[in-house]
Amino acid sequence: MGSFAGSCEIVEEKDEARSTKHSGRYGKSVLGSSSNDLERKQQQQQREYHGSLEYDIDKLFQSIPVKPSTTRLMTSSFRNLETSASAGPSRTTSPSNRIAMKKPGTPQSPRVFGLSDSVSLKQALRDRCISKASEMAAQKRLSKSAAASPRVSEADRIKTLYNQVSNESRSTLLLPVDKGKGSLLEIPSSSNDKPSSSRSVPELEIQMLHESKKNSGSCLSSGSGDYEIELDQNVVDSPSAHAFVEEDVIEIDKHVTSLPSGSCKKDDYVTELDKKTRSSASLETEQKGKLDNEPSSGTEKSKTVRKVTRMIPRPKQQPKKKILLKKKLKIGIVSAANTTKKDEETEKILCQRCHCSLKSSSTDNQPPPYTTSHHPEICSDSLSSVSNNAGKEADGNSSGSCTISQSSEAEIVVMKQDVSSSNDSGNGARDEKETEIPTSSEKFEFSLSSKDSVGDDYSRSTSMSEESNLSRFSCGNKPHMSMDVRWEAIKHVKLQCGSLGLRHFNLLKKLGCGDIGTVYLAELIGTNCLFAIKVMDNEFLARRKKSPRAQAEREILKMLDHPFLPTLYAQFTSDNLSCLVMEYCPGGDLHVLRQKQLGRCFPEPAARFYLAEILLALEYLHMLGVIYRDLKPENILVREDGHIMLTDFDLSLRCAVNPTLLRSTSPPGGDPARMSGPYNTSNCIQPFCITEPSCQVSCFSPRLSSNQQKGRKPNHLSKTQQQLKRSLPQLVAEPTEARSNSFVGTHEYLAPEIIKGEGHGAAVDWWTFGVLLYELLYGKTPFKGYNNDETLANVVLQNLKFPDSPLVSFQAKDLIRGLLVKEPENRLGSEKGSVEIKRHPFFEGLNWALIRCAIPPELPDFYEFGGGGQEAACSPGGNDDRYLECKAVGDHLEFELF
Ligand SMILES: Nc1ncnc2c1ncn2[C@@H]1O[C@H](COP(=O)(O)OP(=O)(O)OP(=O)(O)O)[C@@H](O)[C@H]1O
């Protein structure tokens with residue numbers, strides 16, 4: 001047993017007391033204590049010890065020769081370690097290291113050894129084990145490293161093993177908790193302290209990293225530099241762990257490469273990571289502060305590190321957190337390196353605008369969805385639809401500029417939207433064989449019947465771009481019919497057969513024959529879906545110069561998406577026959593239906609219902625820049641559900657329109673003088689006479705039942721209500737500027753300005769609207785003569801007269817008067833269109849927005865399977881003039897039987 005002094009030197013102060021205590025216990029012979037008691041005790045202990053197993057082992061161990069040089073080296077090595085540990089920041093000893101150093105002197109050890117026998121039994125055993133393990137590790141390393149020294153001392157092996165143990169413990173236990181502290185302990189600050197075998201790899205890495213830092217450009221910011229600091233630290237700390245990191249980095253690199261360069265997510269990701277990694281990197285920078293001064297290139301470094309770390313084996317345990325962070329860092333670096341400034345700007349904009357949907361918006365060339373912000377929003381349901389469609393046209397075909405101006409009479413904002421129609425840009429791409437372009441006009445082409453339509457000039461008509469129409473059309477993008485199974489049926493056939501043709505239909509019945517074509521009831525084969533197919537002979541049309549009319553109709557049909565207008569499901573050309581596949585209306589037309597009414601005229605509520613729906617359809621058409629010009633009962637079809645559908649657009653005029661949202665305090669209808677007749681007086685004797693003008697009635701005002709009306713004052717709304725109603729915005733979508741000199745229409749329905757050839761505009765539709773109301777109520781048109789000429793003369797010259805029977809309300813007659821004003825500029829509706837007419841007392845209380853939900857007038861049970869043709873005219877029918885009207889009262893709906 002020798003001196004214990006050597007051991008005591010490496011014991012920390014804290015344990016010194018214990019050492020002293022132990023040395024007192026075991027070191028008397030060494031120190032030469034003279035206490036008898038103590039000697040006795042020691043002798044007693046020695047006796048006990050000599051008889052113990054430990055003593056035997058100790059003896060056995062002593063018989064093993066220990067090379068003094070090796071022992072000295074070990075001691076000096078420990079000393080060096082201790083010295084280096086106390087020399088600077090890198091000397092911070094890890095807890096695991098401390099335990100290993102202290103073990104030889106711990107109280108558990110029954111023996112201490114002098115310098116010659118300078119290790120205890122356990123220490124010696126440990127040394128043997130360590131040596132063995134160290135040897136194995138060193139051999140492994142030496143076999144891989146060409147630079148490894150052939151002469152590896154036992155102390156070096158211990159140190160190497162220690163470093164490995166230290167690294168492993170750090171990577172498994174300490175890394176997540178204490179990244180900074182446990183990092184650089186075992187890395188000697190001086191290369192002199194390192195055995196050549198153990199320092200080769202990390203040092204090489206550090207050197208290379210330094211080099212790469214020096215060589216790197218300035219493409220990475222300081223933030224990026226932070227990432228590299230982290231990377232370096234990793235290399236220095238744990239080469240094996242770094243190897244793992246590097247593998248992931250390689251994967252990540254691939255991943256990053258596959259990311260879209262303009263990815264919003266990527267940008268966000270980087271930004272988010274930036275924050276995290278910068279904070280963590282700066283934390284580490286504070287603690288390490290050795291390798292992080294120089295800016296570096298992440299890309300270059302990655303390459304360098306990759307080179308180095310490929311030699312390093314991958315450990316079994318992987319510090320997950322660290323790696324995760326690394327992944328993020330790498331992504332940040334690569335994406336930052338790959339993203340140009342322009343890209344960044346774009347990404348920012350896109351991110352702000354669409355957030356997560358950047359990818360689709362960047363790759364998708366679809367136009368943005370039409371939103372209410374682009375188009376005026378209006379109170380009426382149908383008007384919303386109108387607005388939406390108008391917007392679509394604007395977006396698809398014109399500049400669609402939205403300007404804000406102020407109306408002369410409106411006190412608030414006016415939103416203007418220019419919807420300038422474009423010229424015909426060709427024919428339907430879906431209609432491959434069709435090559436017609438509207439070129440000619442037809443002048444004064446009268447047909448035999450006074451009710452037949454006449455048409456001429458289409459030179460002024462414009463059409464929407466085929467492309468935009470097709471894009472909507474091909475998608476079946478008709479919101480009001482989006483749930484219709486017929487779309488699916490047609491789509492299915494197209495998918496199966498590639499295209500749609502007449503061969504896919506069974507023509508069941510001829511529904512009617514018009515001026516430009518014949519309409520058939522048809523069933524799509526294999527489905528239960530019925531359609532009305534309008535078949536037009538292209539040769540015939542060309543010969544009769546009616547191709548432009550067919551073209552105009554097709555163009556308009558494509559645009560339509562409204563509950564009271566036909567839905568065009570498909571169009572195609574088969575054997576030089578142009579076919580339009582439309583919605584089928586089994587209820588016949590209003591002309592036929594009127595014939596079936598008692599007295600051949602509709603009761604006023606029914607007429608009011610139909611007129612209201614027609615008004616919405618016309619409003620919509622005007623909004624689209626379509627002047628219908630051919631309103632008559634024959635063109636108003638009745639659907640299965642009793643609601644109407646306005647058809648036949650071959651005489652329609654297309655024009656520019658400026659839908660305007662108005663909020664006006666002036667009385668609706670504008671000039672009160674335009675409210676004609678006794679309407680403004682109090683001396684009317686009509687049953688539903690309203691003695692005081694209540695022009696303020698908006699489309700949302702509740703309608704009172706007849707009984708209620710009788711018992712109430714006409715002006716039943718409070719002042720507040722009236723003001724509120726006045727302040728509701730109005731959509732004005734009247735193409736007031738449109739002009740045509742064409743002689744088009746049906747004799748009895750022709751407006752004076754058309755007959756006089758002075759040029760006409762949208763007001764002609766309001767004239768025809770008046771004639772229609774007259775006919776529905778009285779069973780005949782107001783200016784009908786013995787022949788067409790007399791009819792025309794009457795239209796221009798004759799004053800409006802009302803028959804004595806049937807009895808018609810004052811409001812109805814007043815509306816007719818307002819509409820059948822011979823001067824178009826004074827006609828009701830000529831200034832603001834449907835807005836003026838909707839507010840007429842005839843429609844008072846009608847819920848325009850919900851009219852499509854209202855129960856229509858009861859239909860006579862005359863039609864079976866397309867009884868809307870000529871056959872239907874002869875069919876007997878019922879005459880129940882009662883119908884339910886749906887209206888909003890407060891928050892709920894009320895139904896009222898009329
Ligand atoms: N969707 C439909 N559903 C049911 N019947 C229809 C439909 N479309 C048209 N019809 C019927 O076919 C007949 C002729 O139709 P259409 O008005 O389209 O022909 P046209 O040649 O345009 O007539 P016009 O001479 O007025 O221009 C109509 O009288 C009507 O009864």
Side-chain angles (χ1 to χ4, degrees), residues 442 445-456 458 481 484 486 505 507-523 529-538 540-541 544-554 556-557 560 562-571 577-595 617 628-641 643-653 742 744-750 768 859 862-875:
E442 296 171 20
E445 190 178 320
F446 287 86
S447 55
L448 293 175
S449 160
S450 64
K451 282 236 181 153
D452 282 352
S453 304
V454 290
D456 63 341
Y458 292 88
M481 296 291 281
D484 191 351
R486 284 167 285 195
F505 293 90
L507 299 184
L508 303 173
K509 181 181 181 174
K510 183 176 166 180
L511 292 172
C513 199
D515 210 22
I516 62 169
T518 307
V519 181
Y520 295 91
L521 173 65
E523 183 193 44
C529 298
L530 294 178
F531 297 93
I533 299 186
K534 185 165 187 171
V535 182
M536 295 162 284
D537 187 327
N538 290 335
F540 169 82
L541 290 175
R544 303 281 302 271
K545 298 181 179 172
K546 290 180 178 178
S547 297
R549 286 172 60 176
Q551 175 73 11
E553 180 164 48
R554 186 166 48 241
I556 292 168
L557 280 170
L560 305 180
H562 194 275
F564 307 138
L565 292 168
T567 299
L568 181 66
Y569 290 94
Q571 62 160 336
L577 296 174
S578 263
C579 302
L580 300 173
V581 182
M582 299 178 291
E583 191 182 349
Y584 166 60
C585 272
D589 60 51
L590 276 193
H591 177 71
V592 174
L593 196 55
R594 182 184 66 76
Q595 312 269 340
Y628 182 57
R629 298 202 295 190
D630 200 15
L631 189 62
K632 57 183 178 182
E634 291 85 337
N635 286 339
I636 301 159
L637 304 182
V638 181
R639 296 171 190 270
E640 197 169 10
D641 60 7
H643 292 271
I644 64 101
M645 184 178 97
L646 197 59
T647 63
D648 198 0
F649 300 93
D650 59 332
L651 294 185
S652 299
L653 172 73
S742 308
V744 291
T746 304
H747 290 90
E748 293 174 48
Y749 277 78
L750 281 172
T768 54
L859 292 175
F862 67 90
Y863 67 90
E864 55 164 75
F865 201 72
Q870 268 71 24
E871 304 94 323
C874 313
S875 304

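In each ligand, atom 1 is the first atom listed, and ligand 1 is the first ligand listed. Index from 1, following the sequence.
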### Message
Need the ligand 1 atom indices (1-based, order shown) with element for anything under 4.0 Å from a heavy-atom of Gly517.
### Response
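The list of qualifying atoms is 21 (O).
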### Atoms of ligand 1, numbered as shown, that sit under 4.0 Å from any heavy atom of Ala532
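It comes down to these atoms of ligand 1: 1 (N), 2 (C), 3 (N).
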### Message
For Thr746 and Asp630: C-alpha separation, side-chain torsions, deciding distance, then whether side chain to side chain contact (heavy atoms under 4.5 Å, CB included) applies.
### Response
CA-CA 7 Å; Thr746 304; Asp630 200 15; 3.1 Å; yes
Can you tell me if [X] has a non-hydrogen atom under 4.0 Å from ligand 1?
X      : answer
Lys534 : yes
Met645 : yes
Pro566 : no

Keeping [X] on the side-chain end and [Y] on the backbone end, is there a donor-acceptor pair under 3.5 Å?
X      : Y      : value
Arg486 : Cys529 : no
Arg639 : Ile644 : yes
Tyr584 : Tyr520 : no
Glu553 : Phe649 : yes
Thr518 : Cys513 : no

### Message
Is the contact between Cys585 and ligand 1 made by the side chain, the backbone, both, or neither, using heavy atoms and a 4.0 Å cut-off?
### Response
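For Cys585, backbone and side-chain atoms both sit under 4.0 Å from ligand 1.
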### Query
ligand 1 versus Leu637, non-hydrogen atoms closer than 4.0 Å: side chain, backbone, both, neither?
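Side chain only.
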### Query
Using the ring of each side chain (for Trp, its six-membered ring), is His643 parallel, tilted or perpendicular to Phe564, with breaks at 30° and 60°?
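Correct class here is parallel.
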### Message
For a quick test of reading the model, state the closest non-hydrogen atom pair linking Gly745 to Leu651 and the distance between them.
### Response
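Shortest heavy-atom contact: N-CD1, 3.9 Å.
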What I want to know is whether [X] and ligand 1 share at least one N or O pair that is separated by under 3.5 angstrom.
X      : answer
Ile516 : yes
Glu583 : yes
Lys632 : no
Asp648 : yes

### Query
Can you tell which of Asp650, Leu580, Leu530 gets a heavy atom nearest to atom 27 (O) of ligand 1?
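Nearest heavy atom to atom 27 (O) of ligand 1 lies in Asp650.
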